[in-house]
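Everything numeric here is computed off the predicted structure, so don't read it as measured data.
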Amino acid sequence: MLQSKTKIPDNKVFECHGSFKSGSCMQCPAKLDENELKAAIISGQVARCKAVTDGKECGAVIKPDIVMFGEPLSQDYLCSISMDQDKCDLLIVMGTSLAVGPVNSIPNLVPESTPRLLINMDKVCVDENDYKQLSAPLFFFDHPDNKRDVFMGGGIDGSLRRLVAMLEWQEEFKEILPERLS
């Protein structure tokens with residue numbers, strides 16, 4: 001949801017686990033917009049469908065359009081990955097154990113020439129046992145032949161500030177997230 005506060009165009013961001021921007025009725029095709037869904041959640045109420053069919057209100061639960069644990073990711077996710085993986089010229093992975101698939105497979109899908117930056121508290125997926133058990137990517141941060149894997153340790157906010165400073169992007173960053181720099 002942080003990206004929604006930036007100037008990054010919606011077509012450049014794919015929320016593979018969905019978002020709270022909308023909700024869907026569990027029984028009919030009705031949708032609920034972000035403001036109505038947010039109001040229900042804040043008030044502690046369960047959002048209910050108000051769609052009327054044959055003079056009767058549906059009344060079923062409205063579920064946020066997010067993927068819950070155990071639910072499959074959308075077909076849109078699979079299409080997006082297959083269309084974008086070969087175009088990736090830099091992969092940035094942040095704040096994750098990469099323990100849950102299928103999203104944890106993304107670092108394996110980009111071309112071998114694509115640099116991969118992990119911004120995290122700890123290095124993950126550096127042990128072949130992790131790779132075999134989790135079907136997670138294998139990073140080669142400390143391998144002498146490593147030419148693409150970079151680890152930036154620390155919290156996300158501090159690490160991103162360091163990255164912005166290294167790239168001399170402070171002015172652009174202030175335009176995107178001015179309240180975060182004050």
Could you report the tightest heavy-atom contact between Y77 and C16, atom names first, then the distance? CD1-CB, 3.3 Å
Could you tell me if the side chain of N104 sits less than 4.5 Å from the side chain of T96, heavy atoms only? no
Calculate, to the nearest 0.5 Å, the distance between atoms CZ and CZ belonging to F140 and R148 respectively. 8.0 Å
Suppose clustering is done on Ile, Leu, Val, Met, Phe, Trp and Tyr with side-chain heavy atoms closer than 4.5 Å. Which residues sit in the same group as M26? V46, V61
Please answer: with hydrophobic residues joined when any side-chain heavy atoms are less than 4.5 Å apart, are L90 and F173 in the same cluster? yes
For side-chain contact (heavy atoms from CB on, under 4.5 Å), just list the numbers for M94 and L160, CA-CA rounded to whole Å, side-chain angles, deciding distance to a tenth of an Å, and then say yes or no. CA-CA 10 Å; M94 297 188 296; L160 287 178; 3.8 Å; yes
Stepwise side-chain contact (heavy atoms from CB on, under 4.5 Å) test for V103 and L73: CA-CA 9 Å; V103 175; L73 294 179; 3.8 Å; yes
Is there a chain of hydrophobic side chains (I, L, V, M, F, W, Y, each step under 4.5 Å between heavy atoms) that links L32 to I42? no
Would you mind listing every ring pair (Phe, Tyr, Trp, His ring centres under 6.0 Å) that reaches into residues 149-168, with sequence neighbours excluded? F141-F151
With rounding to the nearest 0.5 Å, note down the distance linking CG in D33 to NZ in K21. 13.0 Å
From S74 atom OG to H17 atom NE2, the distance as rounded to the nearest 0.5 Å: 10.0 Å
Sequence-distant partners of D84, side-chain hydrogen bond (donor to acceptor under 3.5 Å, both in side chains), two or more places apart: S80
Could you work out, with side chain to side chain contact (heavy atoms under 4.5 Å, CB included) as the rule, every residue matching V52, not counting sequence neighbours? none
For C125 and L98, which heavy atoms make the closest approach, and how far apart are they? SG-CB, 3.8 Å
List the residues meeting salt bridge (charged side-chain N to carboxylate O under 4.0 Å, His left out) with E168, not counting sequence neighbours, and say none if there are none. none
For A51, what residues pass the side chain to side chain contact (heavy atoms under 4.5 Å, CB included) criterion, not counting sequence neighbours? C28, A30, C49
Output all residues satisfying side-chain hydrogen bond (donor to acceptor under 3.5 Å, both in side chains) with D142, sequence neighbours left out; order by chain, then residue number. K123
Single-linkage hydrophobic cluster, 4.5 Å side-chain cutoff, L167 and V164 together: yes
So how far is it from I119 CD1 to I92 CD1, rounded to the nearest 0.5 Å? 5.5 Å
Could you pull out all residues at least two apart from I41 that satisfy side chain to side chain contact (heavy atoms under 4.5 Å, CB included)? F20, L37
With V150, which residues qualify under side chain to side chain contact (heavy atoms under 4.5 Å, CB included), at least two apart? L117
Output side-chain donor-acceptor pairs under 3.5 Å for residues 109-116, partner residues at least two apart or in another chain, one line each.
from	atom 1	to	atom 2	distance (Å)
T114	OG1	C88	O	2.9
T114	OG1	P111	O	3.3
R116	NE	D149	OD1	2.7
R116	NH1	P107	O	3.0
R116	NH2	L138	O	3.0
R116	NH2	D149	OD1	3.1
R116	NH2	D149	OD2	2.8

Quick check for you: to the nearest 0.5 Å, what is the distance between K50 atom NZ and E36 atom CD? 6.5 Å
Distance in Å, I62 CD1 paired with S24 OG, rounded so as to fall on 0.5 Å steps: 7.0 Å
Which residue pairs satisfy the salt bridge (Lys or Arg N to Asp or Glu O under 4.0 Å) criterion with at least one member in residues 55-73, sequence neighbours excluded? K31-D65, K63-E71
Apart from M121 itself, residues in the same hydrophobic cluster as defined by side-chain heavy atoms under 4.5 Å: none
